[in-house]
Each structure stands twice: as structure tokens, then as C-alpha cells.
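In what follows, a structure is listed as C-alpha cells, so that the remarks can point back to it.
Below, all heavy atoms of this structure are taken into account, side chains as well, without hydrogens, waters or symmetry copies. Note that the structure is a prediction, hence the values are computed from the model and not measured.
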Amino acid sequence: MTSKSIAQNLEQLFGSFRAESLHDDLYRLFNEPEYFYYLAAPKSCVLLGGRGSGKTTALKCLSYEGQAALRTSDFNNPSYVGLYSRINTNTVASFSGAELTDPAWNRIFGHFINLVICEEAATYIQWLRQDPQRRDVDRLVNYSQLGKALGLGQSSNLEEFIGEIESARIDLEIYINNFDEDAPKISPLQTPIDLLMRELRKLSGHAKTNFFIILDEYENLLDYQQRLVNTLIKHAGGNYYFKIGVRELGWRERATLNPAEVLISPADYERIRIEETLEREFPAFAKRVCEARLQAVDLQSYGPPIGVDMLLPGLSIKEEAAMLGVAKRVADFRSFLARHSELKSVSDLHDHELFVFLEMSNHNFDAAVGDLKTYAAGALPAKQRYENYAYSFLFSISGKGANVPKLYCGHSVLAKITHQNIRFYMQLVNECIREQISAGKKISEPIEPNLQTVAARKVGLSYLKELEGVSTQGGSLAKLLLGLGRVFQLLASNPVGGKPECNQFELTSKPGGAGVEHQAEALLTEAVMHLALIRTPGTKLTTETDIRSWDYAPHPIFAPYFGFSHRRKRKMSVSEDDLISLTYQPQDTIKKILGRRFRLADDALPAQMSMFDEYFR
């Protein structure tokens, strides 16, 4: 088997990864923790998660097609049935404009939602009837009444009912794009849904079935449309409930059509943050997924696949320091120690321990010896000092200009930099294997740390470029990330005199800056939604919408590309003005953010960032 054919074989399993292919893996994972109870429980449920977190797959596991694929339900007597719909940006965006008043748009979009949900329910009945033993499952359903409720023509059977819905939806979409005189009939919000759900109880074996109306990518709805769907959620009940899939910060509206009425947790919904819930289980889950796919690859002529831990070996801090060349950095110091026999307790220490204290003493041998003696004696303050800076000083061992100044390797590290994003993890594994094959090595051999690092860089750069096209603010997101990445890269490569592993920021504002505050809020919202940044509750968390209540950091998938710590550690303050300025005046703003260390901004860009030299100039 040639290297090219092997790469193509692997590409099918890793590069062309789709969330849908993980139904079995994700279902098993979701079925283990307690929170799966909330997914399948009769309660409206908001699932928050970024791209690749498993949100869509979790929802599809609840759909009747997912239930059938996983064989989790007996459709002769199902406990629940999921009706899945994905919110399409282009479609919902067309339901707006100056041609109609806001109340008119509410009525028209309400009719559209009625049609979408009723069509999905009718499609479920059609799917049931494909089984010859269930051909008459809907013999008691009154399609004529359902047709009247939607303002359609007479429907005597399922096929006519589905045909009328399709025609009505097409007519509605043509109307809002032309606004001719033939306005379609508009059904009242929720009334047809209520009636249809009561009729679904008449399906054979469905008298006690709960129906889940699943709406994915809820963030694509316009604000007035979210209020309208919130109204449906607020007043759902009986035998149907809503399951909502939405990215973080994508649920912008909590009110219903009645401004005084809002959705309240836990009365109206149960929130599940998939990324937070999966944090502990994700490395083991990602390993299972990866190993299952490796076993499926035909590599007999290229060596049998090995386990993920062996394929992607990691390094301890001291092992990595040795690989980065720390022995050369302390060679003179070791010679000094060798000339003094009374310093044996110090000379027995690891090169990395010598390097850290030597750097912190500004290469003063006598001062470093004093600190190392205290450390070797087991003094707690000295040990804590080393532990605080041990990882941070890895970034400065190779020196400026090194092709690979810091290594990112090992299954646990790669899983960590994905931030519970299975899509990113699969991309990382795919890219690591590509690098291995390009280096002329076998897939049955461990992938070297430097190859893993190069692969992780490529994935980070790929998503950085992809950001430009995710939204109207995509260009600003990419520039913001470049600016922040450069700041944290400079701090990481120059640890002396700064906070160790500073890779987060909190937002500060100045009085009277309402315009800038609005810009910063819009930019941060887009950045969090599209995984340019991640956010965590700050020390003074007040509300979810207050942008100054959170700590922000570049998504760790970008850490290998820029060269800063992927671990969530220390933070700095960035003003709203500076946040915006990073998108159009990066070099001056970076110097301002660095404060007294502003001269660091004049350092040459790392080799992997050289393509952005013009932007920083």
C-alpha cells in the first residue's frame, strides 16, 4: 500500500470527519452521565455548545432517525419521539424587511414555524408507515381538521396533508420574496401544533408517547423570531416539549411575544453546557473514538495500528526541557558547580531545575546557588516557586528564532487543546498521521513530539483562516486573534519579569465609552460563538450578558500556532478601547497592552507567523 493510498484511507476516517458518524460513540457517552436524563426527560432543554462539541449529534440521537439507528426505541410503543429541524440562516433571514410591519412579520413567521413543525411530524408518520406492519398506524388521525388549522385545502389522508404543507411553505416563501397581491392564509401561532400533537396520540401505540420538537442552530434566528419561538416553548406541554441546540451567547432573547413574560430556569427549561459536562470524560471518549477508527483502517502492509497513547506519546516537563536543549543552556553553570565539591546537592538537580532558578536570578551564579540550595533542602516556598514557573520557562529554552520553541504532544495535551471539541481532536489526529507519513515513517510507530507540534500548528492556522468567513465580523475576529495571540506569545517567550502562563484577559472600560462598549460586546459575542475565544466566569460574575463579568482567552486550539500555554492559568486586563484597536492598529495597541514591557513588541515574529508580517507592520 502506497503512502498516498494510506493517507486517503485515513482521510476518510479523520479528515472527512462528520459529527453524524459519531452517533454510537456519543450516545454511549451521553447515556453514562446523569445529564442524559435531562436530554430524554419531558422538559424543554437548552443545549449550549460550540462547533464540534457534540451538540448536534446529541440532538440527532434524540430524533426518531437517531433512535432507530441506535435501536434505543420500540416504535410500536415509544416512550418518546424526537422531531429534528435545523434552523437555516438564509431561510429565516428572508422573513424581515421594511415591506411589512413587525406585527405582520410575527404572524407570517409564526405560520412558517407552524408549517415546519407540522411537516416534520407528518414526515415521522410517513416514516412509520414504511413498515408493512404499521401501514394503518394513522387510521384515526383527522387530517381534514389538521389541514383547516393550517389554512390549507382539504386533506383526506397523509399524502395529501404533506403535499398541502409543502405547497403552502413554497407559496409563503415566494410571497415574502415578491409581495404580490395573493397573500397566503396565515395560521395562528401554536394552535395547529397543539392540535397535531393531540392527533399524534391517536397513532397506534403512541397514546403515552412524549414528542420532542428539536430545533438546532437556534442562534440563526433573528431576535423577533427567538421571542416567537420562546412563546412556543413557554406554553408547550401535554405530550410535547422543545429541545433547543444553540451556541454559547447565541440565545439572545429570553422574552416571549409578551415583553413581560420571560423563560425562567428551571421552570421553563433545563440548561446543559455540553463542553463543561464533558470536560472530565472527554480524553477517554476521544481515545475510544480514535482507536475505533484506527482499527478500521486497512494498514496490513504498513504495520498494524497501535493504541492512541503509544501513537501520540507525551512528555513530562523535564523530558521536554531535555529535548528542547536545556543542557546547553546550563552548561557553563554546571561547570561552575563542578568546581565546588560542596555544591553536590545542587549539581545533582535536573538541568531544568538549574535553568529555572538561573533565569530567575538573572544569570547570577551565586544568587542561583543560594536559591537552589534552599530548593534542594525541600523548602516549601522554593518548591512552589519552581512549580509556578516550571512550565512557563519551557517557552524560553530554545531561544528566539527556533523553528519549534515549544512542544505540544501527547494524547492528553492534544485533547486538552481541543477544549472538548471532537472535531478539532479528529483534525489533530489526522494531521499528526499525515506528518508521520510525510516523514516516511510507519503508522505503527510513535509519532515524534516535533511532528505532533507541527500538526497542531497547522490545525490552529487552518481554523484561524477559516474564521474570516464565519460571519460578517470574521475579518475582525481573525485580526483580534492575531493581536491577542501575539501578546500572549511575547509574554510566554519572555517569562522573566511577568506572570507565568498568562493567557487570559478580563475586560475593563472607561466612563463615557458607550459606543466602544457596544462594539466590544458585539465583537466578543461573535468571538465566543465562533470559537475564536472561550470564556469562563470571572471573580465578580454578575450576569451572563455583562461582558466584564467574564474572563476570556484565545481558544487553546491556537496555542501551538502562536506559542503560548494551552493551560488556563493567569490573566491580564485589556480595555475595551484596546480590544477594538487590536483589529486595525495592532502594533501600537500591543505595545500599550504590554505596558512597561512594550519593547517586546519589536521582537521578530516567530517563523510560523511570518505570513502575517505585513499586518503587524
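Between the side chain of Q225 and the backbone N or O of L222, at least one donor-acceptor pair lies under 3.5 Å. The closest donor-acceptor contact from the side chain of S392 to the backbone of N388 lies at 3.5 Å or more, if one exists at all. In this structure, E270 contributes its side chain and S265 its backbone to no donor-acceptor pair below 3.5 Å. Distance alone, capped at 3.5 Å, is enough to place a donor-acceptor pair between the Q190 side chain and the L232 backbone. Checking side-chain atoms of Q226 against main-chain N and O of G250 turns up a donor-acceptor pair under 3.5 Å. The main-chain N or O of E261 is never found under 3.5 Å from a side-chain atom of K234 such that the two would form a donor-acceptor pair.
A cation-pi contact, defined as under 6.0 Å to the ring centre and within 45° of the axis, links R254 to W251.
Between F112 and F109, the angle of the ring planes lies from 30° to 60°, which puts this pair in the tilted group. Ring geometry, F505 versus F488: the interplanar angle falls under 30°, so the pair is classed parallel (tilted spans 30 to 60°).
Under the side chain to side chain donor-acceptor pair (under 3.5 Å) criterion, Q473 pairs with no residue at all, not counting sequence neighbours. Judged as a side chain to side chain donor-acceptor pair (under 3.5 Å), and not counting sequence neighbours, the contacts of D588 are Q585. Shown here are the side chain to side chain donor-acceptor pair (under 3.5 Å) partners of E320, two or more places apart in sequence or in another chain: K406.
Side-chain contact of N106 with Y224: a donor-acceptor pair under 3.5 Å is absent, judged by distance alone. Remark: the S610 side chain and the D613 side chain contain no N/O donor-acceptor pair separated by less than 3.5 Å. Looking at N220 and E217, their side chains do bring a donor and an acceptor atom within 3.5 Å of each other.
Checking F282, Y425, F285 one by one against H411, the ring-ring contact (aromatic ring centres under 6.0 Å, His included) holds for a single residue, Y425.
Among pairs with a residue in residues 450-459, those fulfilling salt bridge (charged side-chain N to carboxylate O under 4.0 Å, His left out) read E435-K458, at least two apart in sequence or across chains. For the salt bridge (charged side-chain N to carboxylate O under 4.0 Å, His left out) condition, no pair includes a residue of residues 474-487, sequence neighbours left out. For residues 558-567, the set of pairs meeting the salt bridge (charged side-chain N to carboxylate O under 4.0 Å, His left out) definition, not counting sequence neighbours, comprises E501-R567.
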Original post:
Taking it one step at a time, do S575 and D578 satisfy side-chain hydrogen bond (donor to acceptor under 3.5 Å, both in side chains)?
Top reply: CA-CA 5 Å; S575 72; D578 291 341; 3.2 Å; yes
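Rounding to the nearest 0.5 Å gives a distance of 11.0 Å between CG of N114 and CG of L172.
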